[in-house]
There are 2 protein chains.
Amino acid sequence: MADVFKALADETRRRILDALAVRDGQTLFEICSHLIARHGINSSRQAISQHLAVLESAGLVTVEWQGRSKLHYVNRAPLEDITQRWLHPGKDPA
Amino acid sequence: MADVFKALADETRRRILDALAVRDGQTLFEICSHLIARHGINSSRQAISQHLAVLESAGLVTVEWQGRSKLHYVNRAPLEDITQRWLHPGKDPA
DNA sequence: GCATTATGCAAGTATCTGCTTGCGTGTCAA
DNA sequence: TTGACACGCAAGCAGATACTTGCATAATGC
């Protein structure tokens with residue numbers, strides 16, 4: 001839960017999720033190209049790779065290796081958990 | 001939007017929202033007491049005050065002065081905006 | 001008025017975070 | 001097998017962030 005909020009706190013990482021929402025299953029290079037082309041983000045490959053690692057450890061992105069390429073997919077389940085806890089609280093959070 | 005995620009990225013600030021969810025309209029001192037009693041958070045008054053300022057500028061908390069006391073109220077509207085954008089995207093976010 | 005209470009402001013510090021740089025590993029194709 | 005490609009790992013650095021400390025401001029009660 002904490003990891004999800006921290007992952008979403010960064011603008012570049014939110015853009016990455018946007019990119020994957022447009023087309024799921026992109027590789028690292030494809031995501032980099034997408035960010036440069038559509039969002040004016042000009043970070044290095046390594047920077048984006050580290051962002052993807054954060055998103056993955058937060059459960060917001062799942063990966064699938066295919067040869068030497070790593071495909072990234074969005075996972076919205078953690079976001080739904082957030083709404084369950086913060087917008088439709090069924091039980092006392094304290 | 002960015003401010004909301006950054007505000008929620010901190011554990012103590014999420015606890016503050018929890019405290020206000022239990023009882024809305026608390027003062028700074030009441031929130032401090034609540035955090036110490038129920039969450040084992042032992043930050044100073046100033047630290048909590050700064051967290052409240054972050055929550056307020058993110059629109060997650062609204063305030064109302066009553067004499068020399070400042071009452072804090074939760075505002076869930078920004079959270080609903082988040083779910084609208086990330087879980088029920090009506091339009092292309094790119 | 002004077003002390004107390006509730007809070008804000010501002011500077012300093014230590015830790016965290018995002019980014020870069022350089023190198024290493026595994027995969028594919030010729 | 002050799003070179004190119006896609007990616008990971010690790011160290012170092014600059015800026016951001018959370019916290020503390022000290023002082024200031026405004027309202028309440030005697």
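Here is how names work: the chains are called A, B, and so on, in the same order as the sequence lines, proteins then strands, and each is numbered from 1. These numbers were taken from a predicted model, which means no experiment stands behind them.
In terms of position along DNA chain C, the nucleotide closest to B:S49 lies nearer the 5' end than the nucleotide closest to the other residue of the pair A:Q46 and B:S49. Summary of the strand contacts: B:R45 and B:H51 both lie near DNA chain D, and taking for each the nucleotide with the nearest heavy atom, the more 5' one is attributed to B:H51. Each of A:Q66 and A:K6 was assigned the nucleotide of DNA chain C with the nearest heavy atom; the assignment lying further toward the 5' end belongs to A:K6.
Regarding A:W65, its CH2 atom lies at a distance of 7 Å from the P atom of D:dC7, rounded to whole Å. When rounded to the nearest whole Å, the span between CZ of B:R13 and C1' of D:dA18 equals 8 Å. If you measure from atom NZ of B:K70 to atom P of D:dT25, you get 18 Å, rounded to the nearest angstrom. Atom CG in B:L8 sits roughly 15 Å away from atom P in D:dT17 (whole-Å rounding). Computed from coordinates, the A:L28 CG to D:dC9 P distance equals 13 Å when rounded to whole Å. A:L52 has its CG atom 16 Å from the P atom of D:dA6, to the nearest Å. The nearest whole Å value for the distance from the CZ atom in B:R15 to the C1' atom in D:dA18 is 17 Å. Between the CZ atom of A:R68 and the C1' atom of D:dC7 there is a distance of 11 Å, given to the nearest Å.
Summarising the geometry, atom CG belonging to B:L52 is positioned 7.5 Å from atom NZ belonging to B:K70; distances are rounded to the nearest 0.5 Å. In this structure, CG in A:L17 is found 10.5 Å from CG in A:N75, a value given to the nearest 0.5 Å.
Judged purely by atom type and a 3.5 angstrom limit, B:Q26 uses its side chain to pair as donor or acceptor with the backbone of B:A19. Although no hydrogens or angles enter the test, the distance criterion places a donor-acceptor pair under 3.5 Å between the side chain of A:R13 and the main chain of A:K6.
When the nucleotides D:dT28, D:dA6, D:dT20 are ranked by their closest atom to the side chain of B:S43, D:dT20 comes out on top.
B:L35 pairs in a side chain to side chain contact (heavy atoms under 4.5 Å, CB included) with only one of the listed residues (B:H51, B:E30, B:R15), which is B:R15.
B:F29 belongs to no hydrophobic cluster, as no Ile, Leu, Val, Met, Phe, Trp or Tyr side chain comes under 4.5 Å of its own.
For DNA chain C, the contact window with chain B, defined by any atom under 4.0 Å from a protein heavy atom, covers C:dT4 to C:dA10 in 5' to 3' order.
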